[in-house]
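These values consider heavy atoms only, across backbone and side chains, with no hydrogens, waters or symmetry-generated copies.
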Amino acid sequence: MFSQTVEYALRAVACLASSVPDAQTTEQIATITHVPRAYLSKVLQNLRQAGLVASQRGVGGGVRLTSNPEELTILDVVNAVDPIKR
């Protein structure tokens, strides 16, 4: 079973994958995915630290995937926000 954090991360990554190569703001992602904005910011921070997304501030900024969506796995996303313990 996936945690709420993993579900939100998967929603965010799916949203970003649908807009490649364009960036989306946190507000846009929150609206599309129905994830609370404050929670989404924390999830995106974990994804950024794992190198799955990149963010840029300012006009024309936003969040985007750092790799091709076809190369990204669910396990990559899970391990970025809630690593599986063996």
Side-chain angles (χ1 to χ4, degrees):
M1 207 121 126
F2 289 132
S3 68
Q4 188 73 48
T5 303
V6 170
E7 181 182 338
Y8 287 169
L10 290 169
R11 287 187 199 179
V13 168
C15 178
L16 291 170
S18 70
S19 67
V20 168
D22 299 326
Q24 292 192 11
T25 65
T26 303
E27 190 63 44
Q28 290 171 321
I29 299 168
T31 301
I32 293 168
T33 61
H34 304 287
V35 175
R37 189 176 186 280
Y39 202 126
L40 180 62
S41 294
K42 293 177 184 180
V43 169
L44 290 173
Q45 182 179 10
N46 288 339
L47 293 172
R48 190 181 77 243
Q49 289 172 347
L52 300 181
V53 301
S55 60
Q56 182 177 343
R57 290 184 171 189
V59 177
V63 182
R64 63 174 177 77
L65 292 178
T66 57
S67 62
N68 190 342
E70 288 85 19
E71 298 171 2
L72 193 59
T73 67
I74 291 174
L75 184 60
D76 293 332
V77 178
V78 170
N79 283 333
V81 296
D82 191 13
I84 296 174
K85 295 166 183 64
R86 295 186 179 250

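For the pair Val77/Phe2, no side-chain contact is recorded, criterion being any heavy-atom separation below 4.5 Å from C-beta on.
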Item checked: Test side chain to side chain contact (heavy atoms under 4.5 Å, CB included) applied to Thr5 and Val43, step by step -> CA-CA 7 Å; Thr5 303; Val43 169; 4.1 Å; yes
Derivation of the side chain to side chain contact (heavy atoms under 4.5 Å, CB included) call for Glu7 and Leu10: CA-CA 5 Å; Glu7 181 182 338; Leu10 290 169; 5.8 Å; no
Practice problem: Could you go through the side chain to side chain contact (heavy atoms under 4.5 Å, CB included) check for Leu65 and Leu52 one step at a time? | Solution: CA-CA 6 Å; Leu65 292 178; Leu52 300 181; 5.6 Å; no
Test Arg64 against Val20 for side chain to side chain contact (heavy atoms under 4.5 Å, CB included), laying out the working first. CA-CA 7 Å; Arg64 63 174 177 77; Val20 168; over 6 Å; no
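Applying the side-chain contact (heavy atoms from CB on, under 4.5 Å) test to Thr66 and every residue at least two apart in sequence or in another chain returns Ala54. By the side-chain contact (heavy atoms from CB on, under 4.5 Å) test, Glu70 is found to be paired with Asn68, residues two or more places apart in sequence or in another chain being considered. By the side-chain contact (heavy atoms from CB on, under 4.5 Å) test, Asp22 is found to be paired with no residue, residues two or more places apart in sequence or in another chain being considered. Take Thr26 and apply the side-chain contact (heavy atoms from CB on, under 4.5 Å) test, not counting sequence neighbours, and it matches Arg37, Leu40, Ser41, Leu44, Val63.
Annotation: the span from Ile32 atom CD1 to Cys15 atom SG amounts to 4.0 Å, rounded to 0.5 Å. Atom OG1 in Thr33 sits 9.5 Å away from atom CD in Gln24 (nearest 0.5 Å).
Counting only residues at least two apart or in different chains, ring pair (Phe, Tyr, Trp, His ring centres under 6.0 Å) contacts with residues 26-66 comprise Tyr8-Tyr39. Counting only residues at least two apart or on different chains, no ring pair (Phe, Tyr, Trp, His ring centres under 6.0 Å) pair has a member in residues 46-86.
Nearest heavy-atom pair across Thr25 and Gly61 is CG2-O, 4.4 Å.
Remark: the backbone N or O of Asp76 is not paired with any side-chain donor or acceptor of Asn79 at under 3.5 angstrom.
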